Each structure stands twice: as C-alpha cells, then as structure tokens.
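Comments concern the structure below.
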Amino acid sequence: MKHESSRSFEQDCYKLLLKIPEGKVTTYKEIAHALGEKGYRAVGRAMNRNPNLIDVPCHRVVKSNGEVGGYATGSCRKLELLRQEGVYVSEDGQVDLSKYRYVF
DNA sequence: CACTTGACGTGCC
DNA sequence: GGGCACGCCAAGT
C-alpha cells in the first residue's frame with residue numbers, strides 16, 4: 001500500500017489532530033501508532049510540507065520525549081500557541097505529557 | 001549519563 | 001524512476 005494510500009496518510013493525521021481538545025497535546029509516535037503505522041517521521045513531515053496551519057492544530061503535537069519539537073513557521077510560534085491554550089511549556093520547550101497528553 | 005548512529009515511512013526534487 | 005530529506009524515536013557506545 002503505497003500508491004493507493006498516497007495522501008490518505010496525512011489526511012488521517014489531520015483528522016486525528018482535530019480530535020485533540022484544546023489544552024491537550026499528543027506525540028508523533030502516538031499518531032502513527034493510532035494510524036497503525038510506524039512512520040512517525042512521515043507524520044511530522046507530512047504536516048511541515050503542506051500543513052493546513054489554519055485548519056489543523058499542528059502545534060498540539062509534540063515529541064514523545066516531552067519536547068515541543070519544531071514548527072513549520074517557527075518553533076516559537078508553536079510554543080506561544082501552546083501556552084495560549086493553557087499548556088504550560090518549560091523554558092526549554094518541554095511539556096508535561098503526563099498531564100497534557102491526550103489519548104485517542 | 002550524554003552523545004552518536006541506525007532506522008520505520010512518506011512526499012517531493 | 002531513483003534518491004534525498006524530515007517537526008523523530010530507540011538503542012548503542
């Protein structure tokens with residue numbers, strides 16, 4: 001399944017992202033796992049390439065190690081957005097997944 | 001304990 | 001058509 005899936009993969013990622021409530025975050029690996037795929041890299045990459053930054057809250061997705069990670073328009077933007085939603089982010093750019101991690 | 005290397009999977013050049 | 005790059009993760013050194 002490579003050609004037939006095509007963008008179906010990233011479309012699923014967006015769909016999952018939209019399920020995340022405000023103030024909650026998830027990890028790339030969780031998304032990939034939720035999709036039944038191990039390509040956690042493809043998840044983040046799919047959004048950075050052509051992310052519907054206005055339609056999809058990509059900023060609610062962080063790394064599994066607790067770091068906020070990066071962002072298409074700049075990691076700073078992502079950090080601000082997270083704090084804006086009520087998610088406390090450490091100065092190092094780390095989020096407490098134990099509290100903000102959203103389970104599908 | 002901190003850093004380095006290998007690796008799943010996809011999208012675009 | 002093939003190869004490369006990436007918003008990563010996990011294991012090894």
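Basis for what follows: all heavy atoms, side chains included, without hydrogens, waters or symmetry-related copies. Throughout, a chain's letter reflects where its sequence line sits, starting with A, and its residues are numbered from 1. In this text, all values refer to a predicted model and were calculated from it rather than measured experimentally.
Atom OH of A/Tyr28 and atom C1' of C/dC9 are 13 Å apart (whole Å). One can place CG of A/Leu82 at 13 Å from C1' of C/dG7, the figure rounded to the nearest angstrom. Rounded to a whole Å, the CD atom of A/Gln11 is 15 Å from the P atom of B/dT10. The distance between atom CD of A/Glu10 and atom C1' of B/dC12, rounded to the nearest whole Å, is 12 Å. Put simply, CZ on A/Arg45 is 9 Å from P on B/dG11, counting in whole angstrom units. Spacing between atom OH of A/Tyr40 and atom P of C/dA10 amounts to 7 Å, rounded to whole angstrom units. With rounding to whole Å, A/Arg49 atom CZ is found 20 Å from B/dG9 atom P. One atom, CZ of A/Phe9, and another, C1' of B/dC8, lie 10 Å apart when rounded to the nearest Å.
Closest approach to the A/Ser64 side chain among C/dC9, C/dC6, B/dG11 is made by C/dC9 (side chain taken as heavy atoms from C-beta onward). Picking from B/dC8, C/dC9, C/dG7 the nucleotide with the shortest atom distance to the side chain of A/Lys38 gives B/dC8. The A/Asn48 side chain lies nearest to C/dG7 when the options are C/dG7, C/dC9, B/dG9.
If you check B/dC13 for Watson-Crick or wobble pairing at under 3.5 angstrom, you find it paired to C/dG2. Across all strands shown, C/dG7 forms no Watson-Crick or G-U wobble pair with both key distances under 3.5 Å.
Considering every non-hydrogen atom in both A/Arg60 and A/Leu82, the closest pair reads CA-CD2, 4.2 Å. Scanning all heavy atoms of the two residues, the minimum distance from A/Cys58 to A/Leu53 falls at SG-CD1, 4.3 Å.
Remark: side-chain polar atoms of A/Lys63 are not paired, donor with acceptor, to backbone N or O of A/Gly70 under 3.5 angstrom. Counting only distance, with no hydrogens or angles, the side chain of A/Lys24 and the backbone of A/Lys99 share a donor-acceptor pair below 3.5 Å.
A donor N or O paired with an acceptor N or O is found under 3.5 Å between the base of B/dG9 and the side-chain atoms of A/Arg41.
Toward the 5' end of DNA chain C, the nearer of the two residues A/Lys63 and A/Ala42, judged by each one's closest nucleotide, is A/Ala42.
Residues of residues 89-104 of chain A that place a heavy atom closer than 4.0 Å to DNA chain C do not occur.
Side chain to side chain, A/Glu67 and A/Asn65 meet the donor-acceptor criterion of an N or O pair below 3.5 Å.
In this structure, the ring of A/Tyr100 has its center no less than 6.0 angstrom from the ring center of A/Tyr102.
Counting any heavy atom pair closer than 4.0 Å across all strands shown, A/Val61 reaches a base atom.
Residues A/Phe9 and A/Leu35 form a side-chain contact, since some pair of their non-hydrogen atoms from C-beta on lies under 4.5 Å apart.
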